[in-house]
Protein chains: 2
Amino acid sequence: MSNKHSPAEPAEPAVEGKPKAAERIRRTARELFYREGIRAIGVEEIVTKAGVTKPSLYRSYASKDELAAEYLRDYEVAFWKVFEAGAQTHPDDARAQLMAYIEGLSQRATQAGYRGCGLTNAVVEYPGDDHPARMVAETHKRKLRERLVELSAAMGAREPYMLADGLLLLLEGTYASGQMFGEHGPAESLVAVANQLIDASLR
Amino acid sequence: MSNKHSPAEPAEPAVEGKPKAAERIRRTARELFYREGIRAIGVEEIVTKAGVTKPSLYRSYASKDELAAEYLRDYEVAFWKVFEAGAQTHPDDARAQLMAYIEGLSQRATQAGYRGCGLTNAVVEYPGDDHPARMVAETHKRKLRERLVELSAAMGAREPYMLADGLLLLLEGTYASGQMFGEHGPAESLVAVANQLIDASLR
DNA sequence: TGACAATGTTACCGATCGGTACGTACGATC
DNA sequence: GATCGTACGTACCGATCGGTAACATTGTCA
């Protein structure tokens, strides 16, 4: 069995100073896809900026669509790391854990050049449900919704599903509006609004 | 002065059975851009589905980008018609007016194939702030935010700006999540969450 | 030194992209 | 009935799209 077209883990995680071609492509694609959008970026631009050539890209990834899906898988890993970071600093306090993420998000989403959530953006770019990148994004959002239900229940909400939905709407609203309004968009009010919603949802 | 490249109004509003070429293009572009995304649709496909030819498109619209901007201007007009529809049925009741829109939105956003807000989607598709379509969208979202402040003040909110931001986050969150989750997404809880938020914001 | 895998080089493919030069059909006017 | 402006179509442009074939070069390990 060849490992071609399935570099799930980087194998050699760039220990040596020189990252392999596949890894350079991955990183470059990640940045370009996120900043400019997947449809907006051609494979030519990716390999040029990565300092490699097209055949190298297609030796490690089956297609541009698959590279896009891979980018989103990386994005998801990074997301969870940030999202769950509060578990260390606030163990046994679901509300504080969640609010730690929300406070950080509010900061990021009110900075110029903010580009929202790469997973959500991919769903907007690919309306058809057959695109590999979209499938990664949809699956992730369902996981996020479940996680929010857990956190809502742990907070003691009367109706955890409703609070989770409300929080998810606020998060997605922040991702979207963060890239429409400049530095003083509605994401500035995210923390206060989330607290209001949580307070109103507790018994 | 020629009216080329500025058919602000259809001039002959399709009174005769035959819509002019520009009008057919406008309508076809509107549907295709909304359903599939602007970047995903080529001008060739637009003119083919509209039953006209490319030169006809470029006689009425300076470029694809300008046609996209025109599409969003139409979209905005349609949006306000829906958004303000509650003013007729519930005069002098800001909360009922807004909730009428929110209830309708919750319905639409929980149907399979929902595509969210065309204006928001355009912002996601064009991150650079120099695209004409994006400028239309950004301007509109600022107007929407202002309108929500008015409505929040009319409802008697302690802090109208904060309630308006919270509502805008919920709306944008619904546009986004409505196209990620199928028929039972978080938009199902929109009405209840919005009511909770409004209640908590009143004195 | 030799073998092998990974990468680079060059050149190319068919398809589609946004956009345009140019010719033609038609209805009104004198 | 010749003339003219409007509206439209035919045919084409150069550029870029995603993707590939064939071969040369490199580094590593035995």
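The chains referred to below are lettered A, B, ... by the order of the sequence lines, with proteins before strands, and numbering in each begins at 1. Nothing here was measured: the structure is a model prediction, and the numbers come from that model.
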Take a 6.0 Å sphere around CD of B:Glu159 and say whether it holds more than 12 heavy atoms from other residues, nucleotides or ligands.
no
Could you tell me the separation between the CD1 atom of B:Ile25 and the C1' atom of D:dG9, rounded to a whole number of Å?
12 Å
What's the CZ-P distance between A:Arg26 and C:dT7, to the nearest Å?
13 Å
Under 4.0 Å: is that the gap between some side-chain N or O of A:Ser56 and OP1 or OP2 of C:dG8?
yes
Output the residues of residues 31-50 of chain A in contact with DNA chain D, where contact means a heavy atom of the residue under 4.0 Å from an atom of the strand; sort by number or write none.
A:Ile41, A:Gly42, A:Val43
For A:Lys54 and C:dA11, what is the distance between atoms NZ and P respectively, to the nearest whole Å?
14 Å
Using only heavy-atom distances, decide whether a donor-acceptor pair under 3.5 angstrom links the side-chain of A:Lys64 to the base of D:dG18.
no
Between atom CG in B:Leu67 and atom P in C:dG19, what is the gap in whole Å?
10 Å
Find the distance B:Glu66:CD to C:dG19:C1' and express it as a whole number of Å.
15 Å
According to a strict under-4.0 Å criterion, is B:Tyr58 in side-chain N/O contact with OP1 or OP2 of C:dT20?
no
CD/A:Glu44 to CG/A:Leu57 distance, rounded to the nearest 0.5 angstrom?
10.5 Å
Quick one: does NZ or CZ of B:Arg145 land under 6.0 Å from the six-membered ring centre of A:Phe181, within 45 degrees of the ring axis?
yes
Check: A:Phe79 ring centroid to A:His140 ring centroid under 6.0 Å
yes
Using ring centroids (six-membered ring only for Trp), state whether B:Tyr61 and B:Tyr71 fall under 6.0 Å.
no
For the residue pair B:Cys117 and B:Tyr75, establish whether any side-chain heavy-atom pair is separated by less than 4.5 Å.
yes
May I have the distance from B:Arg59 (atom CZ) to D:dG5 (atom C1'), rounded to whole angstrom?
13 Å
